[in-house]
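This report refers to the structure that appears directly beneath it.
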Amino acid sequence: MSIVHQDNFNKKEYQHYIDEPYFRLIHNLQNLPVQALPQGYSLYKATLKEFAEHINSCYSKIGVTEADLRDYTARPVYDSAFWLAIRDNKTNEVAATGIAELDKEIGEGVLDWIQVSEQHRGQGLGEYLVSELLRRMKDNAKFATVSGQCNNPANPEVLYRKCGFTGSDVWHVLRR
């Protein structure tokens, strides 16, 4: 596997690779609007198992385990305040989850896992998660970043830009 920035990427040079481009955006953590949690939903303290199950239900090719997430909690950038779960009050099912990290040493917040179950999309849950995570990290970070697959059918880049992220950075993850 190789990772190449867009500035150094030559399609012809990497024609024998499977190319998966990823965007990377930045937020300056200024002028953050306060978002209200949509009616009918509530924040709650989900278990690692619930986080893993929800993440896996939102992606077709991901196999995150409870143990993987337990490893996340042992990292120096872990803070439980940046693990959010939203429940549908009618069904009690997980509707959305978001995980972020904070590297206090360099002042960077990183949004890692932001996902909304397909049947709950379009309700404002993604915007709420992103805005709430940015609000929670603003006093301890200088900026926040997020990345995602450029060719993701859910088009998460639209959500992040709506929440104030900017930039045009693209990285190519290349596999033989």
Side-chain angles (χ1 to χ4, degrees), residues 22-62 64-66 68-73 75 77-104 107-150 152-167 169:
Y22 284 77
F23 63 83
R24 184 166 186 252
L25 304 174
I26 190 165
H27 197 291
N28 64 11
L29 300 176
Q30 302 297 310
N31 305 316
L32 295 171
V34 176
Q35 295 289 330
L37 187 60
Q39 190 172 355
Y41 296 94
S42 58
L43 283 174
Y44 80 105
K45 186 156 178 67
T47 65
L48 292 178
K49 181 180 179 188
E50 289 173 308
F51 271 101
E53 287 173 351
H54 187 254
I55 291 167
N56 291 328
S57 75
C58 292
Y59 298 93
S60 61
K61 298 179 183 176
I62 300 252
V64 175
T65 67
E66 188 176 345
D68 293 333
L69 295 181
R70 190 172 298 105
D71 289 346
Y72 263 67
T73 67
R75 295 164 59 167
V77 292
Y78 168 76
D79 185 327
S80 64
F82 303 129
W83 286 55
L84 303 180
I86 298 174
R87 176 185 357 231
D88 178 326
N89 292 339
K90 288 180 186 172
T91 64
N92 283 330
E93 68 182 17
V94 178
T97 51
I99 296 174
E101 299 177 334
L102 178 61
D103 185 334
K104 291 179 183 175
E108 179 182 10
V110 178
L111 277 62
D112 276 339
W113 294 100
I114 307 297
Q115 53 282 317
V116 177
S117 296
E118 191 170 350
Q119 66 272 29
H120 295 282
R121 292 182 185 154
Q123 306 296 314
L125 299 176
E127 196 171 342
Y128 174 82
L129 280 173
V130 171
S131 297
E132 181 63 17
L133 287 167
L134 294 174
R135 188 190 65 73
R136 289 180 181 206
M137 64 178 58
K138 73 178 174 69
D139 292 334
N140 296 301
K142 297 174 190 164
F143 64 97
T145 59
V146 67
S147 61
Q149 292 176 323
C150 292
N152 184 327
N155 202 4
E157 187 175 350
V158 170
L159 166 66
Y160 300 128
R161 289 192 183 281
K162 187 176 182 181
C163 293
F165 281 85
T166 61
D169 231 7

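Given the structure is predicted, the values throughout are model-derived calculations rather than measurements.
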**Q.** side-chain contact (heavy atoms from CB on, under 4.5 Å), paired with Glu93, selected from Gln119, Glu50, His54
**A.** Gln119

Q) Which pair of non-hydrogen atoms, one from Tyr41 and one from Gln123, has the smallest distance, and what is that distance? A) OH-CG, 3.7 Å

**Q.** Residue pair Thr73 / Trp83, side-chain heavy-atom distance below 4.5 Å
**A.** yes

Q.
One pair to check against side chain to side chain contact (heavy atoms under 4.5 Å, CB included): Leu43 and Tyr128. What are the steps and the verdict?
A. CA-CA 11 Å; Leu43 283 174; Tyr128 174 82; 3.4 Å; yes

Q. Under 3.5 Å, side chain of Arg161 to main-chain N/O of Gly167, donor-acceptor pair present?
A. yes

Q: State the CH2-CD1 distance between Trp113 and Ile62, to the nearest 0.5 angstrom.
A: 4.0 Å

(Q) Looking at His120, is its backbone amide N or carbonyl O close enough to the side chain of Ser117 to form a donor-acceptor pair, meaning the two atoms are under 3.5 Å apart? (A) no

Q: Hey, could you give me the OH/CD1 distance between Tyr160 and Ile26, rounded to the nearest 0.5 Å?
A: 15.5 Å

Q.
With a 4.5 Å cut-off on side-chain heavy atoms, are Leu29 and Lys142 touching?
A. no

Q. Where the side chain of Arg136 meets the backbone of Ala81, is there a donor-acceptor pair that is under 3.5 Å apart?
A. yes

Q | Intermediate values then yes/no, side chain to side chain contact (heavy atoms under 4.5 Å, CB included), Val94 and Ile86 | A | CA-CA 6 Å; Val94 178; Ile86 298 174; over 6 Å; no

Q: Starting at CD of Glu132, measure out to CG of Leu37 and round the result to the nearest 0.5 Å.
A: 9.0 Å

Q. If you take all heavy atoms of Leu159 and Ile114, which pair is closest and at what distance?
A. CD2-CG2, 4.4 Å

**Q.** Nearest non-hydrogen partners of Ala52 and Thr65, listed with the distance
**A.** CB-C, 3.9 Å

Q.
For Tyr78 versus Tyr72, what's the shortest heavy-atom pair and its separation?
A. CB-O, 3.5 Å

Q: Evaluate side chain to side chain contact (heavy atoms under 4.5 Å, CB included) for Phe23 paired with Asp169, printing each intermediate quantity in order.
A: CA-CA 6 Å; Phe23 63 83; Asp169 231 7; over 6 Å; no

Q: Decide yes or no for Phe165 and Leu134: does some side-chain heavy atom of the first lie under 4.5 Å from some side-chain heavy atom of the second?
A: yes

Q: Please step through side chain to side chain contact (heavy atoms under 4.5 Å, CB included) for the pair Glu127 and Cys163, ending with a clear verdict.
A: CA-CA 7 Å; Glu127 196 171 342; Cys163 293; 3.7 Å; yes

**Q.** Test item: His27 side-chain N/O and Leu32 main-chain N/O as donor-acceptor pair under 3.5 Å
**A.** no

